[in-house]
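Because only heavy atoms are used, hydrogens play no part in the values below, and waters and symmetry mates are left out as well, while side chains stay in. Both counts, for ligands and for their atoms, begin at 1 and track the order of listing.
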Amino acid sequence: MALVLGIETSCDETAVGIVDDRKLLANVISSSVAEHARFGGVVPEVASRAHLESMQQVIKQALADAKVGLNDIDAIAVTAGPGLIGALLVGVSSASALSLALDKPLYGVNHLSSHIAVDSLDNEKKLTPTIALLVSGGHTSLLKVNNLVSDIEVLGATIDDAAGEAFDKVARIMGLGFPGGPIIDRTANDGDFAKIQFPRGLSSSSDLINHRFDFSFSGLKTAVSRYLEKSADYKKADVAASFQEAVVDVLITKSISACKESGIDSLVIAGGVAANSRLRQLAVDRCNAAGIKLSIPPIQLCTDNGAMVAALGSLAINHGAKPSQIGIEADSAAAIAQIIW
Ligand code: KG4
Ligand code: ZN
């Protein structure tokens with residue numbers, strides 16, 4: 001049993017979580033999203049500065065929420081990649097300083113596997129092997145997770161835009177604002193998802209030969225753009241709902257095929273897009289029908305947070321992983337296979 005403090009700064013959230021083994025004690029997030037909104041996307045320099053400004057307060061608040069002192073912490077975990085390099089550096093430097101000052105081990109962990117690891121919190125079930133669909137702003141992949149700390153196989157990934165990126169870009173085309181995912185989700189609530197038949201990327205029988213578990217969303221984005229140009233009269237809610245359906249349909253269809261073909265009857269869906277209400281609903285319906293055990297973290301743990309980093313740190317400790325060296329380098333382009341630094 002260990003009390004682990006996790007720090008996440010890969011993008012625009014300065015986030016600190018504290019877990020006691022697999023029990024969630026604190027999850028504090030300070031987001032700079034409002035500062036980026038007028039630019040229509042995250043501005044790396046602005047994000048890095050916001051991390052510096054918020055870090056100490058976020059750590060203090062997490063300790064207060066967990067009702068523990070800094071000296072009670074047994075280990076520090078931190079996102080070391082992938083992400084924005086300047087933003088990652090603030091987290092890695094802060095975590096290294098804490099590790100040195102407290103003389104407690106440091107675990108540099110992968111942001112992508114952390115998204116999946118958060119599913120281990122407050123959850124007694126057996127975690128692996130499982131198929132995992134990872135859907136975030138920067139990544140979309142279908143994974144076979146044999147062990148969350150040591151063995152993740154990539155079955156497929158997007159060949160162009162990530163799912164979250166598609167939501168963000170389509171929201172921009174539609175003039176809905178940033179970040180697009182939650183706005184499209186809300187807008188789609190009043191729409192008819194069967195109104196417009198948008199294309200399902202890499203789903204034709206010929207595509208499936210070479211891209212069985214890969215995804216593509218850039219053609220869909222173009223299709224939405226063309227539809228808006230040529231249609232004089234449409235409801236934004238219908239476009240949002242039909243676009244969302246096209247994304248979610250492909251994600252779930254391929255995830256279920258991966259489960260069936262690998263003989264693994266459990267699916268975890270993680271990452272920011274896993275907060276999407278239609279994705280959650282359709283996943284429940286189709287997994288029930290297919291006899292697949294589905295697990296999706298609570299909505300507030302799907303988007304970037306520190307609890308997921310602490311959760312992976314905790315799993316690493318239980319797995320007997322060696323702590324990271326002080327002076328680890330953040331890696332903005334880290335692959336999912338590099339789970340611990
Ligand atoms: O995992 P995450 O918080 O950050 C990255 O690691 O990228 O994911 C952020 C992405 C953004 O593209 C955002 O638009 C999307 O997740 N997102 C959503 C929803 N909430 C966040 N997409 C669809 N529906 C949502 N409700
Ligand atoms: Zn993320």
**OP:** Could you tell me whether the side chains of Thr128 and Asn147 share a donor-acceptor contact shorter than 3.5 Å?
**Re:** no
Subject >> Closest approach of Ala307 to Leu24 (non-hydrogen atoms, all atoms of both residues) >> reply: CB-CD1, 3.5 Å
Original post:
Is the closest side-chain donor-acceptor distance between Asp207 and Ser204 under 3.5 Å?
Top reply: yes
**OP:** Number the atoms of ligand 1 from 1 as they appear, then name those within less than 4.0 Å of a heavy atom of Gly138, with their elements.
**Re:** 7 (O)
**OP:** Please report which non-hydrogen protein atom sits nearest to atom 6 (O) of ligand 1, along with the residue it belongs to and the distance in Å to one decimal place.
**Re:** His111 NE2, 3.0 Å
Original post:
Are side-chain N/O atoms of Ser255 and Arg286 paired as donor and acceptor at under 3.5 Å?
Top reply: no
**OP:** Quick one: look up the protein heavy atom nearest atom 22 (N) of ligand 1 and list residue, atom name and how far away it is.
**Re:** Gly181 CA, 3.2 Å
**OP:** Taking the six-membered ring of Phe193 (Phe, Tyr or Trp), confirm whether the NZ or CZ of Arg278 is under 6.0 Å from its centre and within 45° of its axis.
**Re:** yes
Subject >> Heteroatom distance test (Gly272, ligand 1): nitrogen or oxygen, under 3.5 angstrom >> reply: yes
Subject >> Per-residue contact class, Thr303 against ligand 1 - non-hydrogen pairs under 4.0 Å >> reply: both
Subject >> For Asp168, the ligand 1 atoms whose distance to one of its heavy atoms is below 4.0 Å >> reply: 11 (C), 12 (O), 13 (C), 14 (O)
**OP:** Please answer whether the main-chain N or O of Asp214 pairs with a side-chain N or O of Lys254 as donor and acceptor at a distance below 3.5 Å.
**Re:** yes
Subject >> Closest protein heavy atom to atom 24 (N) of ligand 1, given as residue, atom name and distance to 0.1 Å >> reply: Asn276 ND2, 3.0 Å
**OP:** Considering heavy atoms of the protein only, find what lies nearest to atom 10 (C) of ligand 1 and give residue, atom and distance to 0.1 Å.
**Re:** Gly137 N, 3.5 Å
**OP:** State whether Arg212 and Glu261 are salt-bridged, where the test is any N-O pair (Lys NZ or Arg NE/NH1/NH2 against Asp/Glu carboxylate O) under 4.0 Å.
**Re:** yes
**OP:** For His51 and Asp12, test the side chains for any donor-to-acceptor distance below 3.5 angstrom and give the result as yes or no.
**Re:** no
**OP:** Anything protein N, O or S sitting under 2.8 Å from the Zn ion (ligand 2): count it and give me the total.
**Re:** 3
**OP:** Could you tell me which atoms of ligand 1, counted from 1 in the order shown, lie closer than 4.0 angstrom to a heavy atom of His115?
**Re:** 1 (O), 6 (O)
**OP:** State whether the side chain of Ser262 and the backbone N or O of Ala258 hold a donor-acceptor pair below 3.5 Å, judged by distance alone.
**Re:** yes
Original post:
Closest heavy-atom contact between Asp304 and Met308?
Top reply: OD1-CE, 4.1 Å
Original post:
Is the shortest distance from a Lys or Arg side-chain nitrogen in Arg49 or Glu53 to a carboxylate oxygen in the other one below 4.0 Å?
Top reply: no
Subject >> Ligand-residue contact atoms, ligand 1 with Ala275, heavy atoms, under 4.0 Å >> reply: 20 (N), 26 (N)
Subject >> Numbering as shown, the atoms of ligand 1 that approach Gly164 to under 4.0 Å (heavy-atom distance) >> reply: 12 (O)
**OP:** For ligand 1, find out whether one of its N or O atoms is nearer than 3.5 Å to an N or O atom of Gly271.
**Re:** no
**OP:** Answer yes or no: does an N/O atom from Cys302 fall short of 3.5 Å to an N/O atom of ligand 1?
**Re:** no
**OP:** Name the orientation class of the two ring planes belonging to Phe215 and Phe217 (parallel below 30°, tilted from 30 to 60°, perpendicular beyond 60°).
**Re:** parallel
Original post:
Any N or O of Ser277 that comes nearer than 3.5 Å to an N or O of ligand 1?
Top reply: no
Original post:
Can you tell which of Asp185, Asp304, Val273 gets a heavy atom nearest to atom 26 (N) of ligand 1?
Top reply: Asp185
Subject >> Residues Ser218, Asp161; criterion side chain to side chain donor-acceptor pair (under 3.5 Å); working and verdict >> reply: CA-CA 6 Å; Ser218 77; Asp161 294 344; 5.3 Å; no
Original post:
Is it true that a side-chain atom of Trp341 and a backbone atom of Tyr107 form a donor plus acceptor pair closer than 3.5 Å?
Top reply: no
Original post:
Looking only at N/O atoms, are Glu13 and ligand 1 under 3.5 Å apart anywhere?
Top reply: no
